[in-house]
Enquirer: 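Before we start, here is the structure in question, set down as C-alpha cells.
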Amino acid sequence: MSGGQPRITLLAGGVGGAKLAVGLAAVCAPDQLTVIGNVADDQEFHGLWVSPDIDTLTYSLAGLIDREKGWGLANESHRVLDGLARLGRDTWMYLGDQDLATHIYRTELRRQGLRPSAIAQSIAQGLGVTTNLLLPTDDRLQTRVKTEAGWLAFQEYFVREQCRPEVLDIRIDGLAEARPTPEALAAIEQADLLLIAPSNPVVSIGPILDIPGMRRAVERSRARRIAVSPLIGGRTVKGPADRMLVAAGFACSNLGVADGYAGLIDGLVIDAQDDDDATALAERGLAVKTTRTLMRDAADKARLAREVLAFAGQPQPQDEALSCP
C-alpha cells in the first residue's frame with residue numbers, strides 16, 4: 001500500500017481503455033493510479049511517428065479528447081491534411097493540426113535518441129496529465145492483420161479499410177526482440193490491484209502481455225487481478241474485438257474473453273445484458289460482477305470505476321479490502 005491507499009495498475013488500449021482510465025483517475029488519488037498503454041498500433045505517417053493508443057489515453061486523461069469521435073483532440077482543424085491532399089498524398093489517417101504538433105514533438109525527440117517512455121511522459125506532463133502513464137516497452141512493435149488482400153498494418157486495417165475485411169490471422173512483429181520497460185514491470189509487481197480495461201483482448205491487451213516477461217509478471221502478481229469485458233450482448237460497442245477473438249481462436253463471448261485471460265485474472269466484470277454468462281464463468285473459478293459497462297459520459301466512467309474497485313475490494317480471507325476515496 002502507498003500511504004495506506006491501494007496501488008492500482010491498469011492495462012489499457014483504445015477508446016474503452018481510455019474511458020476506464022478517466023473514470024479511475026476521477027475517483028483515485030493521482031499517486032495511486034498507473035496506466036500501461038498499448039504501443040503495437042504505432043506507425044509512421046508523413047515522416048512522423050504516431051502512437052494512437054497512447055495519444056488517446058493522454059488526450060483523454062488531459063480532458064482534451066474529441067468526445068464525439070473518442071480519439072483525437074477537440075476543436076481540431078485539418079488544414080495540413082488538406083494541403084497534403086492537394087499534393088496528392090494519402091490522407092486516410094486523420095491527423096488534425098493540433099495532433100500533428102504531438103507527433104512532430106515525439107518524432108524530433110525520438111531522433112535525438114530519447115527513450116519513448118520518457119517522451120510519452122513528457123507529452124503527458126505538458127498536457128497536464130497527473131496520472132502515471134507508462135509504455136510497456138521502448139522497442140518497436142507492429143500489429144499486422146492478415147486479410148484476403150494480404151497482411152496490413154493495423155492502422156491500414158482499422159482506419160483505411162474501416163475493419164471491413166475478414167480477419168484471417170493476426171501477428172505482432174518485434175515481440176521476440178522486445179523488452180519490457182522496468183517501470184512497467186515494477187508497476188505490475190508492486191500493484192495491490194491489477195486491472196485490465198475493456199479493451200480489445202487481442203490487439204490492445206495482447207501486445208502488452210506478450211512482451212517477454214510481462215505475462216509472467218501478471219501471473220506471479222500478488223495483486224487482485226480483475227478484467228472488464230469489452231463485450232456487451234456478445235458484441236463490441238466499437239471496433240473489431242469480437243471478430244478478432246474468433247480469429248485468435250476464442251469464442252466471441254465473455255467465456256472467450258475469460259479463456260484469453262486464463263491464468264491472468266481472478267475476476268471478470270461483465271455487462272448486465274450478459275448475466276446468463278455469470279454461472280459458467282463462476283464454474284471456471286472466476287469471481288463475476290454484473291453491471292452496466294457502457295460508458296457514455298463522465299458519470300458512467302466514474303460509476304464503473306467505483307463499481308470495479310468495490311468488486312475488487314470484496315473481503316476475502318486474510319485480505320484487506322481495496323477502496324478509493
Side-chain angles (χ1 to χ4, degrees), residues 10 12-23 25-26 35 37-86 89-110 116 119-131 133 135 142-143 152-164 197-200 203-204 207 230 236-241 294-298 300-301:
L10 174 71
V15 174
K19 286 183 175 182
L20 185 57
V22 169
V35 180
N38 169 47
V39 297
D41 60 354
D42 289 16
Q43 192 171 336
E44 186 175 283
F45 294 96
H46 310 300
L48 302 175
W49 194 252
V50 180
S51 191
D53 273 9
I54 299 301
D55 289 340
T56 296
L57 280 166
T58 303
Y59 297 159
S60 296
L61 290 165
L64 301 173
I65 197 78
D66 184 326
R67 291 183 175 87
E68 184 176 336
K69 296 198 302 287
W71 51 269
L73 286 157
N75 303 313
E76 188 61 281
S77 56
H78 51 273
R79 297 184 66 181
V80 173
L81 282 194
D82 288 345
L84 287 169
R86 286 195 296 271
R89 307 303 298 171
D90 284 335
T91 56
W92 53 263
M93 184 62 174
Y94 180 82
L95 301 173
D97 296 338
Q98 299 175 86
D99 198 20
L100 281 165
T102 300
H103 311 319
I104 290 169
Y105 179 76
R106 175 187 293 117
T107 305
E108 181 181 13
L109 294 185
R110 284 175 68 97
I119 299 170
Q121 290 188 331
S122 176
I123 293 170
Q125 290 167 4
L127 295 180
V129 175
T130 56
T131 298
L133 180 59
L135 304 191
Q142 293 274 274
T143 299
L152 302 176
F154 181 75
Q155 294 303 325
E156 292 173 335
Y157 168 79
F158 188 72
V159 180
R160 191 186 70 192
E161 302 301 324
Q162 298 181 21
C163 306
R164 287 185 294 253
S199 305
N200 187 316
V203 297
S204 292
T236 52
V237 177
K238 186 177 183 180
L294 185 63
M295 293 174 280
R296 297 184 183 276
D297 53 29
D300 274 340
K301 296 167 191 173

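All residue numbers refer to positions in the sequence shown, counting from 1.
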Enquirer: Could you state the interatomic distance from CD (Gln98) to CD (Glu76), rounded to the nearest 0.5 Å?
Expert: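 Nearest 0.5 Å value for the CD-CD distance: 4.5 Å.
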Enquirer: Work out which heavy atom in Gly17 is nearest to a heavy atom in Ala197; give both atom names and the distance.
Expert: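 In terms of heavy atoms, the two residues are closest at CA-CB, 3.5 Å.
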Enquirer: If every non-hydrogen atom of Leu57 is compared with every non-hydrogen atom of Ala21, which pair is closest and at what distance?
Expert: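 Of all heavy-atom pairs spanning Leu57 and Ala21, the closest is CD2-CB, 4.0 Å.
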Enquirer: Could you state the interatomic distance from CG (Leu133) to OG1 (Thr130), rounded to the nearest 0.5 Å?
Expert: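 Reported value, rounded in 0.5 Å steps: 11.0 Å.
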Enquirer: Just how far is it from atom CG of Leu100 to atom CG of Leu81, taken to the nearest 0.5 Å?
Expert: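 Taking CG in Leu100 and CG in Leu81, the distance rounds to 6.0 Å.
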Enquirer: Would you indicate whether Arg89, at its atom CZ, is surrounded by more than 12 heavy atoms from other residues, nucleotides or ligands within a distance under 6.0 Å?
Expert: no
Enquirer: Asp97 and Ser77: side-chain donor and acceptor closer than 3.5 Å?
Expert: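 Looking only at side-chain atoms, Ser77 and Asp97 do form a donor-acceptor pair, the distance falling under 3.5 Å.
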Enquirer: So which atom in Ser204 and which in Asn38 form the shortest heavy-atom distance, rounded to 0.1 Å?
Expert: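 Nearest pair, atom of Ser204 first, then Asn38: O-CB, 3.3 Å.
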Enquirer: Less than 4.5 Å apart, side chain to side chain, heavy atoms only: is that true for Val203 and Asp41?
Expert: no
Enquirer: Look up atom NZ in Lys19 and atom CG in Asp300, then write down how far apart they are to the nearest 0.5 Å.
Expert: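 With rounding to 0.5 Å, NZ (Lys19) is 9.0 Å from CG (Asp300).
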Enquirer: What I'd like to find out is whether the side chain of Ser122 reaches to under 4.5 Å of the side chain of Tyr105, using heavy atoms alone.
Expert: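 Answer yes - side chains close enough.
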Enquirer: For residues Asp99 and Tyr59, is any side-chain donor paired with an opposing acceptor at under 3.5 Å?
Expert: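 Note: Asp99 and Tyr59 side chains meet the donor-acceptor criterion.
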Enquirer: To check you understand the geometry: which heavy-atom pair defines the closest contact between Ala12 and Val35, and what is its length?
Expert: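 Scanning both residues completely, I find the closest heavy atoms to be CB-CG1, 4.1 Å.
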Enquirer: Check whether any side-chain heavy atom of Phe45 lies under 4.5 Å from a side-chain heavy atom of His103, and answer yes or no.
Expert: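 Contact flag for Phe45/His103 side chains = no.
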Enquirer: Should the pair Tyr157 and Phe154 be assigned to parallel (<30°), tilted (30 to 60°) or perpendicular (>60°) ring geometry?
Expert: tilted
Enquirer: In Å, rounded to the nearest 0.5 Å, how long is the span from CG of Leu73 to OG1 of Thr58?
Expert: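 One gets 10.0 Å once the value is rounded to the nearest 0.5 Å.
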Enquirer: Which pairs with one or both residues in residues 63-75 pass salt bridge (charged side-chain N to carboxylate O under 4.0 Å, His left out), sequence neighbours excluded?
Expert: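 Counting only pairs at least two positions apart or across chains, the salt bridge (charged side-chain N to carboxylate O under 4.0 Å, His left out) contacts touching residues 63-75 are Asp66-Lys69.
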Enquirer: A quick test of your reading: do over 12 heavy atoms of other residues, nucleotides or ligands sit less than 6.0 Å from CZ of Arg79?
Expert: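 No, because the 6.0 Å sphere around CZ of Arg79 holds 12 heavy atoms or fewer from other groups.
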Enquirer: Looking only at heavy atoms, which two atoms of Thr143 and Pro207 are closest? And how far apart?
Expert: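 Closest approach of Thr143 to Pro207, heavy atoms only: OG1-CG, 4.3 Å.
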Enquirer: Regarding Arg160 and Asp90, does a basic nitrogen lie under 4.0 Å from an acidic carboxylate oxygen?
Expert: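 No, Arg160 and Asp90 are not salt-bridged.
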Enquirer: Kindly check if the number of other-residue, nucleotide or ligand heavy atoms within 6.0 Å of NE2 (His46) is above 12?
Expert: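 Check passes, neighbour count above 12.
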Enquirer: Test of understanding: with side-chain hydrogen bond (donor to acceptor under 3.5 Å, both in side chains), list the residues that count as partners of Asp42, not counting sequence neighbours.
Expert: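 So Asp42 forms a side-chain hydrogen bond (donor to acceptor under 3.5 Å, both in side chains) with Trp49, Ser51.
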Enquirer: Hey, is CG on Asn75 packed in by over 12 heavy atoms from elsewhere, all under 6.0 Å?
Expert: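 Result for CG/Asn75: open.
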Enquirer: Would you say CZ of Arg296 has more than 12 non-hydrogen atoms from neighbouring residues, nucleotides or ligands within 6.0 angstrom?
Expert: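 No, not enclosed.
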Enquirer: If you define the side chain from C-beta out and look only at heavy atoms, does anything of Pro116 sit under 4.5 Å from Val39?
Expert: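 A side-chain contact is absent here, since even the closest heavy-atom pair is not under 4.5 Å.
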Enquirer: Quick one: pull up CD1 in Ile123 and CZ in Arg106 and give me the separation to the nearest 0.5 Å.
Expert: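 Spacing of CD1 (Ile123) from CZ (Arg106) equals 4.5 Å.
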Enquirer: Looking only at non-hydrogen atoms, find the nearest pair between Leu135 and Ala120 and report the distance.
Expert: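 Where Leu135 meets Ala120 most closely, the heavy atoms are CD2-CB, 3.9 Å.
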